[in-house]
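Below: one structure, written as structure tokens.
Each chain gets a letter, A, B and so on, in the order its sequence line appears, and its residues count up from 1.
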Amino acid sequence: MMEFIFALAVGILTASGVWLLLRPRTFQVIIGLSLLSYAVNLFIFGMGRLRIGVPPVLENAEAVDPAFYADPLPQALVLTAIVISFAMTALFLVVLLASRGLTGTDHVDGREDAQ
Amino acid sequence: MTGMLDHLIIVPILLPLVSGAVMLLLAERRRALKGGIGLATTVALLIVSIVLLRLADTSPADGSAVKVYQLGNWPAPFGIVLVLDRLSALMLVLTSVLGIAALLFSLARWHRAGPRFHTIFQLQLMGLNGAFLTGDLFNLFVFFEALLAASYGLVLHGDGIVRVRAGLAYVAINLTASFLFLIGASLAYGVTGTLNMADLAARIPALSSGDAALFAAAAAILGTAFLMKAGAWPLNFWLPTTYAAASAPAAAMFAIMSKLGVYVILRLWMLVFGPDAGPLAGFGGGWLLVGGMLTIMFGTVGVLASQSLSRLAGCSVLVSSGTLIAAVGTGDGAVIGATLFYLVSSTLGIAAFFLLVELVERIRDPGADVLAVTMEAYGEGEDEGLADEIGIAIPATIATLGGSFIACALLLAGLPPFSGFIAKFALMAAMLETDGTAVQASTWTMIGLLTVSGLATLIAMTRSGISSFWARIDDRVPRVRIIEMAPVLALLLLALGLTVGGGPTMRYMEATTQALRAPQGYVTGVLSTERVGSAQGRANP
């Protein structure tokens with residue numbers, strides 16, 4: 001059940017993200033990128049296998065069974081990915097504002113379609 | 001792993017990082033000091049990377065002695081390692097050569113066009129060097145992001161509507177590519193349980209068929225991300241616009257950035273899907289070949305249709321990327337050697353061209369490009385202005401610019417005496433070299449495309465050259481400073497030097513190829529390296 005909900009969440013986030021990414025307004029694009037990054041972060045997390053209530057850190061070094069522990073590496077990767085995508089979103093926001101200021105429109109092409 | 005020489009491997013990453021950080025502390029108006037620090041850093045980088053190149057070249061040709069630097073002193077599959085072999089050393093040297101040229105060029109005027117240019121420039125160098133050196137998939141992602149973040153800054157450097165508009169698309173497309181990268185990397189981790197490239201290669205043959213299919217998916221997603229950076233069709237519509245909009249020194253650095261995509265594909269593909277990879281051996285080669293050829297076609301059409309010189313340069317990036325991708329896709333040993341030669345030669349050529357475009361555009365009126373295409377299409381304007389041009393002494397500036405332009409055209413089109421000729425010749429010769437079997441149709445197509453793309457480049461360059469240099473020279477002789485001209489000339493001379501030193505260079509490329517073709521050497525080299533001080537039982541800080 002958990003796997004199903006998890007997959008559903010990733011799927012819906014990705015689908016909404018891609019759809020928004022293809023929209024013509026810069027704000028929609030940035031929200032789309034954010035949703036995509038959530039989906040990707042969940043996906044990375046899922047790649048460490050979904051477990052509930054297991055510690056990621058080995059307590060004593062001798063003779064432990066790794067099956068009782070969660071994989072800490074994907075969690076570290078997610079952390080890195082979150083930080084990076086957060087920074088990139090902020091940077092994109094600046095470019096977006098600059099574009100809005102310079103072109104006077106929030107269309108991704110920097111100009112409105114001819115009506 | 002003892003002695004100072006071993007720590008040299010991390011210098012190409014640390015040095016620009018430190019100097020970039022230091023320059024952040026200096027006030028914006030102290031440009032001369034910043035320029036001096038930046039230049040000193042890039043020169044030091046060049047020296048270090050040449051030393052590293054010589055170091056890498058001393059190892060036996062089967063690649064069994066790659067130099068491994070363990071960050072945090074953890075052995076390979078667990079800790080992140082930097083790996084120096086011939087390929088990465090070659091790319092390091094190329095990066096620092098372009099770095100010096102672009103930085104020197106920018107000192108004339110571009111570094112004044114926006115804030116914190118020098119810091120961003122150094123961070124870009126750090127990202128590139130790190131991506132070339134790292135032996136870890138996720139670390140590669142981090143360095144990719146570092147260099148991309150810096151490149152966003154460089155694209156936007158100089159401001160203006162065109163740059164912001166191009167930058168918006170550039171940032172969006174690269175963020176999307178980064179997501180693909182992350183999905184591919186984490187999927188690869190989910191399947192194999194490792195992110196170390198060498199360990200990855202070692203685990204591929206043992207995968208069950210279901211896992212192998214998943215890994216193939218991961219590799220395909222990763223490949224898409226890298227192809228996006230490299231500018232493979234149909235993921236490259238952003239590239240000419242962005243590169244044309246970027247300031248000249250930034251665009252010259254981007255010439256190596258799109259080669260980074262090719263480098264990663266070459267590295268990972270040869271490593272992971274080599275002959276020992278079992279059912280996955282040679283996975284995706286056909287896709288690379290076809291994708292590369294389509295990219296050449298797209299680039300060729302783009303070169304012919306370009307109405308401005310900077311767009312023409314952007315489209316030449318596509319032609320060069322396409323050639324490289326297709327050549328990697330053949331997976332043939334001899335072809336890879338020639339591919340590397342072509343990579344170096346075309347990167348030098350394109351970078352020189354991007355710098356030159358900026359200078360040439362100072363002489364011509366903006367309409368001249370559009371006119372060149374239109375005039376040819378309608379056959380007009382042939383009969384005017386012939387009489388009074390005889391006997392005009394061409395000023396030395398124009399002569400130098402024109403000479404460099406011709407050299408660029410010859411280099412990009414692949415005509416002698418420049419290295420582009422040797423590169424293309426070696427590519428074709430290697431592709432035709434089959435052991436008695438008939439030459440495949442795809443090979444003929446590729447050779448045809450190479451020839452046609454060269455011809456198209458020559459036509460387009462001639463056309464633009466005529467309209468900018470043989471047009472009337474009015475009173476406007478452009479002011480070109482010597483530090484702007486010197487980098488262009490130096491890059492072109494280097495390309496000429498590649499021709500003269502073709503033998504030793506080709507020998508180096510052959511050794512690189514041999515090491516790439518025998519990935520076991522890389523794998524055992526990385527995985528068997530002990531941690532420092534393990535013999536004494538205690539790590540040395």
Side-chain angles (χ1 to χ4, degrees), chain A residues 10 13-14 17-18 20-22 26 28-30 32-50 66 71 73-74 76-85 87-111, chain B residues 77-80 114 120 136-146 148-153 155-156 159-196 214 218 221 225 238 241 245:
Chain A
V10 173
L13 279 172
T14 310
V18 169
L20 280 174
L21 193 62
L22 300 173
T26 45
Q28 292 167 319
V29 171
I30 203 166
L33 285 170
S34 305
L35 290 185
L36 267 182
S37 82
Y38 299 153
V40 169
N41 289 339
L42 280 179
F43 181 80
I44 300 174
F45 189 73
M47 279 300 116
R49 308 296 185 267
L50 297 173
D71 189 346
L73 194 73
L77 300 188
V78 169
L79 208 57
T80 318
I82 288 174
V83 173
I84 290 179
S85 67
M88 292 301 162
T89 310
L91 196 143
F92 191 61
L93 203 58
V94 173
V95 182
L96 185 158
L97 286 175
S99 163
R100 174 71 178 79
L102 282 171
T103 61
T105 163
D106 64 342
H107 196 279
V108 282
D109 291 338
R111 57 171 175 267
Chain B
F78 308 108
I80 290 173
I120 298 177
D136 183 275
L137 208 52
F138 200 80
N139 199 225
L140 179 67
F141 167 75
V142 175
F143 278 121
F144 249 96
E145 289 304 312
L148 282 175
S151 78
Y152 301 151
V155 165
L156 297 170
D159 225 359
I161 283 194
V162 183
R163 294 209 176 95
V164 170
R165 204 184 280 164
L168 197 69
Y170 176 71
V171 177
I173 195 111
N174 274 303
L175 285 179
T176 318
S178 302
F179 293 144
L180 287 178
F181 192 157
L182 274 178
I183 294 174
S186 55
L187 195 54
Y189 176 78
V191 176
T192 59
T194 183
L195 283 168
N196 184 287
L214 260 181
I221 295 172
W238 56 274
T241 318

Which of A:Val94, A:Leu36, A:Leu77 touches chain B most, by non-hydrogen pairs under 4.5 Å
A:Leu77
Between A:Ala81 and B:Leu182 the two heavy atoms that sit nearest each other are CB-CD1, 3.8 Å
Interatomic spacing from CD1 in A:Ile84 to CG in B:Leu175 - rounded to 0.5 Å
11.0 Å
For A:Val95 and B:Gly167 the tightest heavy-atom approach is CG1-C, 4.3 Å
Under 4.5 Å from any heavy atom of chain A, what part of B:Leu180 do you find: side chain, backbone, both or neither?
neither
Heavy-atom distances under 4.5 Å only: say whether A:Ile44 touches chain B with side chain, backbone, both or neither.
both
Which of A:Gly101, A:Ala87, A:Pro74 touches chain B most, by non-hydrogen pairs under 4.5 Å:
A:Pro74
Quick check on B:Tyr152: does its OH atom have over 12 non-hydrogen neighbours (other residues, nucleotides or ligands) under 6.0 Å away?
yes
Can you spot which of A:Leu33, A:Leu21, A:Thr14 makes a side chain to side chain contact (heavy atoms under 4.5 Å, CB included) with B:Phe179?
A:Leu33
Can you tell me which of A:Gly46, A:Ala98, A:Ser37 forms the most heavy-atom pairs within a distance under 4.5 Å of chain B?
A:Ser37
I want to check something: taking the side chain as every heavy atom from C-beta on, are B:Leu195 and A:Leu73 in contact at a cut-off of under 4.5 Å?
yes
If you count heavy-atom pairs within less than 4.5 Å of chain A, which of B:Leu168, B:Val164, B:Val171 leads?
B:Leu168
Shortest non-hydrogen pair, B:Ser186 vs A:Met47, comes out as O-CG, 3.2 Å
Counting only heavy atoms closer than 4.5 Å, note whether B:Ile161 contacts chain A via side chain, backbone, both or neither.
both
